[in-house]
Amino acid sequence: MIDAARLHDIAAWSRALEPEALERVQTAAVERRYPAGALVCETGHKFDHWMGVADGLLKMRAISREGKEVTLSGVHSGGWFGEGTILKNELRRYDIVAIRPSSLAMIDRTTFMWLFENSGAFARFLVVQMNERLGHFIGLLENDRMLDATGRVARAVAIMFNPVLYPDSGRHLDLTQEELGLLAGVSRPTANQAIRQLQAQGLLRAEYGGITILDLNGLKTYGAE
DNA sequence: ACATTAAATTCGA
DNA sequence: TCGAATTTAATGT
């Protein structure tokens, strides 16, 4: 159970819900903390919850057969994920790992499905979110082919501040250059150079253990045209 | 890969 | 409980 005020803070989508739907969400939702490095859910396991990051930062990662680790995507405060797995009722395809101490809200599958089928507001939210993700994945393909390392880092940062996927996120992100490199698919030194270059162009500010976004649109369109 | 710097932790008062 | 010393983590080249 999560009270109304808390839910309002951590789940922007809940603000549009009908009263009955909102009440179900409040009753069903639970919040849990994870320490840095914790494995929130593991590939191949069944984990029947839709999850939102109340606070902190997670990453999705896959591990190849040879044991090589690939970071696929980062999720930070305000982001909700896992709907794909729930809708298809399948096993998790990726690990979810806490990059730093995080607090997660969870909604069980039954409640999720009820919302999907009975709340117009919720269904609309899902369509918008999934469409946003689709655009983001298409952008990633473009990324690999057309952007240099700096462009990839810029894109990785911009994705983390997508206002649809991460509403109410501030301008600041606690993320080391090493993690950013993993996220962007470049080495740590390359990420470092990219960050300095982006900083020199006034798009963001580098800090110890984090970055602050100064020009989101500039990051999003970096390297385009 | 190495040097530098920031932060976190330990330890002694 | 404070601050200096040490260790660890992140950054810069």
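What you see is a predicted model, and the numbers here were worked out from it, not measured in a lab. Throughout, protein chains are lettered first and strands after them, A, B, ... in sequence-line order, and every chain is numbered starting at 1.
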From CD1 of A/I211 over to C1' of C/dT11, roughly how many Å is that when rounded to an integer? 14 Å
Side-chain N or O of A/N192 less than 4.0 angstrom from OP1 or OP2 on C/dG12? yes
Using a 4.0 Å heavy-atom cut-off, does A/E207 contact any base of the nucleic acid, only the sugar-phosphate backbone, or nothing at all? sugar-phosphate
What integer distance in Å separates A/D174:CG from C/dA10:P? 12 Å
Among A/T43, A/D95, A/T71, whose side chain to side chain donor-acceptor pair (under 3.5 Å) with A/R61 holds? A/D95
Of the listed nucleotides B/dA1, C/dG12, B/dA7, the one nearest the side chain of A/P189: B/dA1
d(CZ, A/R188; P, C/dT11) in whole Å: 8 Å
Rounding to an integer number of Å, can you tell me how far A/L182 CG sits from C/dT11 P? 12 Å
Taking CD from A/Q177 and C1' from C/dT11, how many angstroms apart are they, rounded to a whole number? 5 Å
Rounded to the nearest Å, what distance is computed from the CD atom of residue A/Q199 to the C1' atom of nucleotide C/dT13? 16 Å
To the nearest Å, give me how far apart CG (A/L198) and C1' (C/dT11) are. 16 Å
Checking A/S77 side chain against A/V53 main chain: does a donor-acceptor pair fall under 3.5 Å? no
Pick base, sugar-phosphate or nothing for A/R196, based on heavy-atom distances below 4.0 Å to the nucleic acid. sugar-phosphate
What verdict does the salt bridge (charged side-chain N to carboxylate O under 4.0 Å, His left out) test give for A/K59 and A/E69, after you've listed the backbone C-alpha separation in whole Å, the side-chain angles of each residue and the deciding distance to 0.1 Å? CA-CA 12 Å; A/K59 67 178 174 186; A/E69 184 178 322; 3.5 Å; yes
Taking atom CD of A/E132 as the centre, does the number of heavy atoms from other residues, nucleotides or ligands within less than 6.0 Å exceed 12? yes
Taking only side-chain nitrogens and oxygens of A/Q193, does any of them come within less than 4.0 Å of OP1 or OP2 of C/dG12? no
To the nearest angstrom, how far is A/R100 atom CZ from C/dA9 atom P? 17 Å
